[in-house]
Amino acid sequence: MTGIEQPVRVRFAPSPTGRMHLASGRMALYNYLLARKTGGQFILRIEDTDQKRYVPTAEQELIDGMHWLGLQWDEGPDVGGPYGPYRQSERKAIYQEYARQLIESGHAYYCFCSPQRLEKLRQEQQQRKENPHYDGLCRTLDVQEAAERVARGEKHVIRFKTPKEGTTTVMDEIRGEITVENRLLDDYIIVKSDGLALYHLAAMVDDHLMKITHVLRGSEWLPTFPLHGLIIRAFGWEMPRFYHLSVFLKPSGKGKMSKRDAADAMKDGFSIYIKDLAELGYLPEAVVNWIALMGWSYDDQTEFFTMDDLIQKFSVDRFNPSPAAINFTKLDHFNGLHIRRLEREDLARRVKPFLVRAGYFVDDSLLLRIIPLIQERLSTLDEVVQFAGFFFEEEIHPLREDLIAKGLTAEQSADVAERCYQVLKGLPRLTVEEAEPPMRALVESLGLTAGQVFGILRVAVTGQKVSPPLFESMEIIGHDKVLKRIEKAIAILRGEETLKN
RNA sequence: GCCCCCAUCGUCUAGCGGCCCAGGACGUGGCCCUCUCAAGGCCAAAACGAGGAUUCGAAUUCCUCUGGGGGCACCA
């Protein structure tokens with residue numbers, strides 16, 4: 001196989017029937033990358049031929065999700081383009097015209113069987129342990145007669161007249177040739193009784209009319225791929241290149257993701273839905289990096305990719321055909337990597353909404369000073385609240401038990417805090433350079449470890465046992481506030497706190 | 001049940017007949033660094049599903065089995 005150099009025309013063709021999840025995101029991403037890599041066009045097409053399953057909010061979530069991921073399309077329902085409309089529900093007449101062509105050329109036929117008859121037929125076949133399939137009752141109807149019944153307004157669908165003998169071979173660029181016996185293919189309905197085309201017809205017609213050169217779609221289309229080949233050949237059109245991407249499995253690798261698994265993931269702070277990922281504190285850069293590597297690889301070493309890297313290095317002949325289990329902890333890893341390479345101002349901007357959401361009033365210049373202390377500690381953006389919330393708090397409430405240093409009593413810990421207080425109070429300013437040396441000297445003279453002394457101070461000043469570096473934090477909190485907090489800690493340690501309240 | 005597809009560490013993957021007693025990454029364990037937590041550095045455990053066949057030689061080719069996934073709608 002060779003890489004693609006010619007500009008491609010590719011499409012992401014979601015159906016607005018639910019939420020945008022990782023698989024749709026990856027599909028959109030790969031199409032986008034291929035288009036950008038080759039200087040071609042990326043088309044968004046809405047496949048909304050099923051009015052019963054239509055979810056009004058789905059399309060907006062899809063568009064928001066793609067914007068968030070950083071994927072812009074060149075043609076689509078909102079931006080237009082030379083091959084519109086890009087919404088299948090608006091292309092009804094086009095499909096009917098092409099269906100008529102198939103009937104005229106003998107590749108399709110009108111079928112007047114009722115849904116009830118089909119249901120009964122299916123049940124009988126299942127009882128006899130046969131494959132459910134259309135029995136071909138209307139296949140042999142006189143063409144003239146059928147046309148008259150249609151003209152009279154009789155309810156009907158249009159079926160593709162699949163050959164009964166021989167085999168059909170189609171080419172999947174990832175797996176190679178796929179061959180099936182035609183007798184195992186059904187006479188699929190291609191136009192419903194409401195006059196709207198089904199995927200099998202609509203997608204093939206649109207891909208042709210929109211001059212799609214490469215079709216990237218889910219592997220759930222593999223079984224009907226030969227049918228699609230047959231339809232394309234019936235029209236005498238050239239086949240685009242087809243790539244069937246593997247599905248995503250649940251994190252355990254055992255079985256595909258279900259609604260239940262999605263709910264479980266949410267409990268652990270993960271989600272398979274793009275929109276949720278943003279709210280959970282993931283960077284679009286990290287999500288892109290992560291999903292790009294599920295089913296595709298660049299080489300045996302490189303794992304960190306920006307969007308620009310991917311556009312440059314993406315190659316359609318490095319897809320992996322096997323299903324991939326979703327690994328959320330790896331997303332955390334990528335998120336950390338991408339957070340660490342952000343500019344300070346950029347990180348501040350992205351982290352701010354999470355602080356605001358937690359109820360803090362956020363001063364931008366203060367936040368900017370805090371960023372260097374937390375940047376390498378963040379795995380997700382929402383962690384900013386636990387790592388830096390105390391900076392924005394007027395009062396903190398350390399636990400007495402946390403204030404007691406290992407190996408010391410409460411009273412001893414209070415004494416240590418007292419000594420710290422005196423040293424810090426005597427300093428003209430509370431910078432790292434001026435505060436740390438005398439504090440280390442104090443540790444020395446106390447005959448304690450740095451961990452013990454700084455531990456007490458840490459809890460006193462931040463209210464937490466885990467925090468960003470102590471002296472850097474104190475410098476930002478400020479002299480007065482630090483001293484006040486230590487006073488309060490001493491009171492708590494000596495049991496005077498309740499009296500104060 | 002029938003059809004199609006897939007099969008390397010727990011997970012994502014590299015490997016396209018000798019470079020492989022299998023490389024990278026996440027995660028896990030240990031060590032270093034260290035005021036906590038991270039980050040970073042070093043080290044370790046961890047895989048070619050099974051059986052045949054082809055070949056001087058197979059993770060790599062072929063067959064069978066097993067396992068997993070997908071499909072069998074007037075859904076996409």
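Every heavy atom of this structure was used, including side-chain atoms; hydrogens, water molecules and symmetry mates were not. Here is the naming used below: chain letters follow the sequence lines, and residue numbers restart at 1 for every chain.
- Atom CG in Leu373(A) sits roughly 14 Å away from atom C1' in C35(B) (whole-Å rounding).
- Distance from the side chain of Phe454(A) is smallest for C35(B) among the nucleotides C35(B), G15(B), C37(B).
- Atom P of nucleotide C12(B) and atom CZ of Phe328(A) are separated by 13 Å, given to the nearest angstrom.
- At a threshold of 4.0 angstrom between heavy atoms, the contacts of Pro115(A) include nucleobase atoms, whether or not backbone atoms are also involved.
- The pairing partner recorded for A7(B) is U66(B), the criterion being a Watson-Crick or G-U wobble arrangement whose two distances lie under 3.5 angstrom.
- Separation of the P atoms belonging to U66(B) and A50(B) is 15 Å when rounded to the nearest angstrom.
- Taking atom P in both U28(B) and A39(B), the straight-line distance is 10 Å, to the nearest Å.
- Comparing A14(B), C74(B), A25(B) against the side chain of His333(A) picks out A25(B) as the nearest.
- When heavy atoms are screened at a 4.0 angstrom cut-off, Arg440(A) is found touching base atoms of the nucleic acid.
- Separating the C1' atom of C5(B) from that of C9(B) is a span of 24 Å, rounded to the nearest Å.
- Nucleotide A47(B) has no partner under the Watson-Crick or G-U criteria, as no pair reaches both atom distances under 3.5 Å.
- At the phosphate of C26(B), neither OP1 nor OP2 sits under 4.0 Å from any side-chain N or O atom of Thr329(A).
- When the C1' atom is used for both G41(B) and G67(B), the distance is 41 Å, rounded to whole Å.
- Distance CD1 (Ile190(A)) to P (C75(B)): 14 Å, rounded to an integer number of Å.
- Considering only the side chain of Ala324(A), U13(B) comes nearest among C35(B), C2(B), U13(B).
- Within the structure, every side-chain polar atom (N or O) of Lys330(A) is placed at least 4.0 Å from both OP1 and OP2 of A25(B).
- Using the Watson-Crick or G-U wobble rule with both distances under 3.5 Å, C31(B) pairs with G41(B).
- Backbone-only contact: Asn320(A) has heavy atoms under 4.0 Å from sugar-phosphate atoms and none from a base.
- Of the P atoms belonging to C72(B) and A14(B), the separation is 29 Å, rounded to the nearest Å.
- Regarding Leu184(A), its CG atom lies at a distance of 12 Å from the P atom of C5(B), rounded to whole Å.
- With a 3.5 Å ceiling on both atom-pair distances, C19(B) lacks any Watson-Crick or G-U wobble partner.
- Judged by the 6.0 Å distance and 45° axis criteria, Arg19(A) is positioned over the aromatic ring of Tyr273(A).
- Residue contacts shown for Val247(A) are limited to sugar-phosphate atoms, with no base heavy atom under 4.0 Å away.
- Nucleotide A14(B) is matched to nothing when pairs are restricted to Watson-Crick or G-U wobble geometry with both distances under 3.5 angstrom.
- Using a 4.5 Å heavy-atom threshold, the side chains of Phe112(A) and Val150(A) count as touching.
- Phosphate proximity of A73(B) to Arg159(A): absent, as no side-chain N or O sits under 4.0 Å from OP1 or OP2.
- For the P atoms, the distance from C43(B) to C37(B) is 24 Å, rounded to whole Å.
- Nucleotide C72(B) has G1(B) as its partner under the Watson-Crick or G-U criteria, with both atom distances under 3.5 Å.
- Ionic pairing of Arg419(A) and Asp415(A) is not present here: no N-O contact between side-chain nitrogen and carboxylate oxygen is shorter than 4.0 angstrom.
- Each of C74(B), G23(B), C75(B) was ranked by its minimum atom distance to the side chain of Val157(A); first place goes to C74(B).
- Taking the charged nitrogens against the carboxylate oxygens, Arg117(A) and Asp135(A) do have a contact shorter than 4.0 Å, which makes a salt bridge.
- In the set C6(B), A39(B), A14(B), A39(B) carries the atom at the smallest distance from any side-chain atom of Glu376(A).
- Comparing G1(B), C5(B), G69(B) by their nearest atom to the side chain of Leu222(A) picks out C5(B).
- The side chain of Lys465(A) contributes no N or O atom lying less than 4.0 Å from OP1 or OP2 of C35(B).
- When heavy atoms are screened at a 4.0 angstrom cut-off, Ser219(A) is found touching the sugar-phosphate backbone but no base atom.
- Here Lys129(A) does not reach the OP1 or OP2 of C2(B): none of its side-chain N or O atoms lies under 4.0 Å away.
- Contact annotation for Glu303(A): base contact, defined as any heavy-atom pair under 4.0 Å involving a base atom.
- Remark: the Asn131(A) side chain and the G1(B) base include a donor-acceptor N/O pair separated by less than 3.5 Å.
- Residue Trp221(A) is classed as a base contact, given a heavy-atom separation below 4.0 Å to a base.
- Comparing U13(B) with A59(B), their P atoms are spaced 22 Å from each other, to the whole Å.
- Atom CG of Asn31(A) sits about 12.0 Å away from atom CZ of Arg217(A), to the nearest 0.5 Å.
- Using a 4.0 Å heavy-atom criterion, one finds that Gly295(A) contacts the sugar-phosphate atoms exclusively.
- Of the side-chain N and O atoms in Arg340(A), one or more sit less than 4.0 angstrom from OP1 or OP2 of G40(B).
- No contact: Gln125(A) has no heavy atom under 4.0 Å from any strand.
- Aromatic ring centres of Tyr282(A) and Phe334(A): separated by at least 6.0 Å.
- Within the 4.0 angstrom heavy-atom criterion, base atoms lie near Asn327(A).
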Apply side chain to side chain contact (heavy atoms under 4.5 Å, CB included) to residues Glu303(A) and Leu337(A) and explain how you reach the verdict. CA-CA 11 Å; Glu303(A) 292 231 299; Leu337(A) 292 182; over 6 Å; no
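- As judged by a 4.0 angstrom heavy-atom cut-off over every strand, Leu470(A) is placed among the base-contacting residues.
- Among the atoms of the strands shown, only primed sugar atoms or phosphate atoms (P, OP1, OP2) are found under 4.0 Å from some heavy atom of Ser322(A).
- If you check every strand for non-hydrogen atoms under 4.0 Å, Arg183(A) touches nothing.
- The separation of G10(B) from A46(B), taken at their P atoms, amounts to 10 Å, rounded to a whole angstrom.
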For Arg458(A) and Asp402(A), what are the C-alpha separation, side-chain angles and deciding distance, and is it a salt bridge (Lys or Arg N to Asp or Glu O under 4.0 Å)? CA-CA 10 Å; Arg458(A) 160 170 288 106; Asp402(A) 291 344; over 6 Å; no
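- Residue contacts for Leu198(A): at a heavy-atom cut-off of 4.0 Å it reaches the sugar-phosphate backbone alone, with no base atom in range.
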